[in-house]
Amino acid sequence: MSEDFQPVSILSQTECWDLLSSRTLGRLVTSVDGQPEIFPVNFVVQRRTILFRTGEGTKLVSTAINHNVLFEADDHNVAEGWSVIVKGLARSMRSDEEIAEAEKAQLLPWIATVKPHYVRIRPFSVSGRRFMFGSEPDREFTAV
């Protein structure tokens, strides 16, 4: 293994948004009754925000009560992987202008349910890492 090999590297903001834009499935992390909850959601990136749709229920209520959320998306192949985490403020789109803008993203539900509510996550921070897979390096053991 070469001296300059780095199994973990930090992604730039541009790399994070490019990778997020290449995916359609992520995870919304929020709090429900003081307990952490995680929900898979299909999403799009629109103007460096995360946009998803939802129906009535826990996701909608939890983002209305607890605006601070985390969002994560990732991917991997046999040689490498990556993960991007967005910390941000979630808000339902309510005005005609907001909904019209959200509909330009052409975000369709994956399953046959009605999802009339758009939720946008405006990021406070975006961070990401790339992982190069490989064998664990030799460990040095000391005799006791």
Side-chain angles (χ1 to χ4, degrees), residues 1-140:
M1 196 176 297
S2 72
E3 286 292 318
D4 60 348
F5 175 78
Q6 296 294 321
V8 180
S9 59
I10 304 299
L11 299 171
S12 70
Q13 292 285 303
T14 299
E15 290 172 305
C16 287
W17 286 111
D18 287 348
L19 289 168
L20 284 171
S21 295
S22 75
R23 298 291 98 203
T24 57
L25 180 66
R27 289 162 226 48
L28 172 69
V29 181
T30 186
S31 178
V32 176
D33 292 328
Q35 297 297 314
E37 293 286 340
I38 189 165
F39 303 97
V41 295
N42 67 303
F43 74 100
V44 296
V45 170
Q46 189 180 48
R47 295 181 341 273
R48 288 200 171 193
T49 66
I50 303 295
L51 182 67
F52 67 92
R53 291 175 64 178
T54 189
E56 301 291 332
T58 307
K59 280 183 282 197
L60 184 62
V61 170
S62 70
T63 56
I65 294 171
N66 307 300
H67 298 291
N68 292 311
V69 299
L70 293 174
F71 183 84
E72 191 267 348
D74 55 35
D75 196 17
H76 73 282
N77 58 35
V78 296
E80 65 181 20
W82 59 266
S83 173
V84 174
I85 296 175
V86 176
K87 294 179 184 179
L89 184 68
R91 195 170 75 71
S92 291
M93 304 291 91
R94 299 201 189 279
S95 73
D96 291 342
E97 295 82 17
E98 290 173 324
I99 293 168
E101 178 68 18
E103 287 179 345
K104 290 178 185 176
Q106 298 181 359
L107 177 60
L108 301 174
W110 280 7
I111 58 175
T113 59
V114 176
K115 298 190 183 296
H117 304 283
Y118 287 96
V119 177
R120 185 177 307 279
I121 302 172
R122 297 199 183 277
F124 297 136
S125 69
V126 178
S127 61
R129 290 181 172 71
R130 184 175 306 279
F131 310 99
M132 303 303 291
F133 301 150
S135 300
E136 179 181 24
D138 291 334
R139 291 191 240 175
E140 293 185 28

Enquirer: Check the pair Thr49, Gln46 against side-chain hydrogen bond (donor to acceptor under 3.5 Å, both in side chains), reporting the backbone distance first and the verdict last.
Expert: CA-CA 5 Å; Thr49 66; Gln46 189 180 48; 5.2 Å; no
Enquirer: Measuring from Ile38:CD1 to Phe71:CZ, what's the distance to the nearest 0.5 Å?
Expert: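 Reported value, rounded in 0.5 Å steps: 10.0 Å.
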Enquirer: Minimum heavy-atom separation for Trp17 and Ile50, please, with both atom names.
Expert: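 The pair with the smallest heavy-atom distance is CZ3-CD1, 4.0 Å.
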Enquirer: Can you name the closest pair of heavy atoms from His117 and Gly55 and give their distance?
Expert: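 Looking at all heavy atoms of both residues, the closest pair is CD2-C, 4.0 Å.
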Enquirer: To the nearest 0.5 Å, how far apart are CZ in Arg53 and CG in Leu107?
Expert: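 One gets 6.0 Å once the value is rounded to the nearest 0.5 Å.
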Enquirer: Are Glu72 and Ser83 close enough that a side-chain donor and a side-chain acceptor fall under 3.5 Å?
Expert: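 The criterion, which ignores hydrogens and geometry beyond distance, is satisfied for Ser83 and Glu72.
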Enquirer: What I want to find out is whether Arg120 reaches Glu98 closely enough, with some N-O distance under 4.0 Å, to be called a salt bridge.
Expert: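 A salt bridge is absent here (no side-chain N lies under 4.0 Å from a carboxylate O).
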Enquirer: With rounding to the nearest 0.5 Å, note down the distance linking OG in Ser12 to CG in Leu19.
Expert: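 Result: 9.0 Å between the selected atoms.
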Enquirer: In plain terms, say whether Arg23 and Asp74 are close enough for a salt bridge, that is, a side-chain N and a carboxylate O under 4.0 Å apart.
Expert: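 Between Asp74 and Arg23 there is no salt bridge, as every charged N stays at least 4.0 Å from the carboxylate O atoms.
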Enquirer: Looking at CD1 of Ile121 and CG of Leu70, how far apart are the two atoms once the value is rounded to the nearest 0.5 Å?
Expert: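 CG of Leu70 is found 9.0 Å from CD1 of Ile121.
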Enquirer: Counting neighbours of CZ on Arg27 that are heavy atoms of other residues, nucleotides or ligands and sit closer than 6.0 Å, is the number greater than 12?
Expert: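 More than 12 within 6.0 Å, yes.
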Enquirer: Over all heavy atoms of both residues, which pair between Cys16 and Gly128 is shortest? Give the atoms and the distance, please.
Expert: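 That closest heavy-atom pairing would be SG-N, 3.5 Å.
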Enquirer: To the nearest 0.5 Å, what is the distance between CG (Leu25) and CZ (Phe43)?
Expert: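 CZ of Phe43 is found 7.5 Å from CG of Leu25.
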Enquirer: Would you compute the distance between atom CG of Leu11 and atom CH2 of Trp82 and round it to the nearest 0.5 angstrom?
Expert: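 Result: 8.5 Å between the selected atoms.
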Enquirer: Can we call the ring centroids of Phe52 and Tyr118 under 6.0 Å apart?
Expert: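 Judged by ring-centre distance (under 6.0 Å), Phe52 and Tyr118 do not meet the cut-off.
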